[in-house]
There are 2 protein chains.
Amino acid sequence: MSARATKQKSVIREALEQAHRPLSPQEIYTEARQQVPTLSIATVYRVVRTLLSEKLIVPVAVPGESDRYETQLCAAHHHHHFCCNDCHRLFDIPGCGLQVAAQLPRGFSLSRHEVMLYGSCRDCRA
Amino acid sequence: MSARATKQKSVIREALEQAHRPLSPQEIYTEARQQVPTLSIATVYRVVRTLLSEKLIVPVAVPGESDRYETQLCAAHHHHHFCCNDCHRLFDIPGCGLQVAAQLPRGFSLSRHEVMLYGSCRDCRA
DNA sequence: CTGCGTGCAAATGCTTTGCAAAGAC
DNA sequence: GTCTTTGCAAAGCATTTGCACGCAG
């Protein structure tokens, strides 16, 4: 069995921990490459997949775009996301204004939920 | 200028209107093909893109899967979605338990939001 | 040393596009 | 008849995988 500590893996995890928003594989790649210039995009995908299966990160989907990922630690402080219609960046939004349990149809059981807000971010709101 | 009424286009729209949940391109293809067996998947993608730009349908994203689409009419009855962790189908959930406006950071403006619930559907909840 | 993890390049698989033929008006 | 839409096959792209080498333990 395995789990060797490599520079690539730690740099990728740091990138995810320090960005205060979910990152796409390309964003992770660009960021982590500054620390390990030989890093390949394939490794980013592989490490992301490992982290996902270890439940250390959580995927966030946006229509028409690559999935983003954020640390589970980050996700533990329950919050949601804002997606800018213009620059397409994601932002963290603290807290949660959702009350849903009551509306779930009979026979369904809930494990988690995700809220995505769409609009213009402070930079793009011309 | 254009917008010709073709059998393909109407069958695709019907499939979207009659499914009471968002459909993926493959689901649309499978469904619409029952009416027009010669239908090609390329046409599904083309019609979907047209409908999107006409704002007649709305995209719904799920991590790791193809986007789904639902009619704007359907989306007008404000509601949200449930994604089954097992069968990966989407279901419509009536209503909305969200109160968010107050939590939006300064400088951000909101245009719409999407709530995705995850769990087990009635069929998969063994 | 041993064998997991990485980089590279090839392979996938979903989505898009070019083009000639079919169909709408 | 004219011009849009379609089907098919090829092209694009993001993501995954095979393989040989490098590095962690």
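Source: prediction; values computed, not measured. Residue numbers begin at 1 in each chain, while the letters A, B, ... track the order of the sequences.
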For nucleotides 21-24 of chain D, which of its nitrogen or oxygen atoms have a protein nitrogen or oxygen under 3.5 Å away, and what is each distance?
from: dA24(D); atom 1: N3; to: Arg4(A); atom 2: NH1; distance (Å): 3.2

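- Of the options Arg21(A), His81(A), His20(A), a side-chain hydrogen bond (donor to acceptor under 3.5 Å, both in side chains) to Glu70(A) is made by His81(A) and by none of the others.
- Nearest nucleotide to the side chain of Ser66(A), out of dG7(C), dT6(C), dA14(D): dA14(D).
- Using a 4.5 Å heavy-atom threshold, the side chains of Val58(A) and Gln72(A) count as touching.
- The hydrophobic cluster containing Ile28(A) also contains Val11(A), counting ILVMFWY residues as joined when their side-chain heavy atoms lie under 4.5 angstrom apart, directly or transitively.
- Annotation: ring-ring contact (aromatic ring centres under 6.0 Å, His included) contacts of Tyr69(B) (sequence neighbours excluded): none.
- In this structure, Gln26(B) atom CD and dC14(C) atom C1' are separated by 9 Å, rounded to whole Å.
- Rounding to the nearest 0.5 Å gives a distance of 7.5 Å between NE2 of His113(B) and CG of Leu117(A).
- Between the SG atom in Cys84(A) and the OH atom in Tyr118(A) there is a gap of 12.0 Å [rounded to 0.5 Å].
- Distance check: Leu16(B) CG to Glu27(B) CD gives 10.0 Å after rounding to the nearest 0.5 Å.
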Polar pairs (N or O, both sides) under 3.5 Å between protein and nucleotides 16-22 of chain C?
from: dT17(C); atom 1: OP2; to: Arg49(B); atom 2: NH2; distance (Å): 2.6
from: dG18(C); atom 1: O6; to: Arg46(B); atom 2: NH1; distance (Å): 3.3

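- Taking only side-chain nitrogens and oxygens, Ser40(A) never comes nearer than 4.0 Å to OP1 or OP2 of dC8(C).
- The distance between atom CG of Leu39(A) and atom C1' of dC8(C), rounded to the nearest whole Å, is 13 Å.
- Closest non-hydrogen pair, Arg89(A) versus Cys121(A), comes out as NH2-SG, 3.9 Å.
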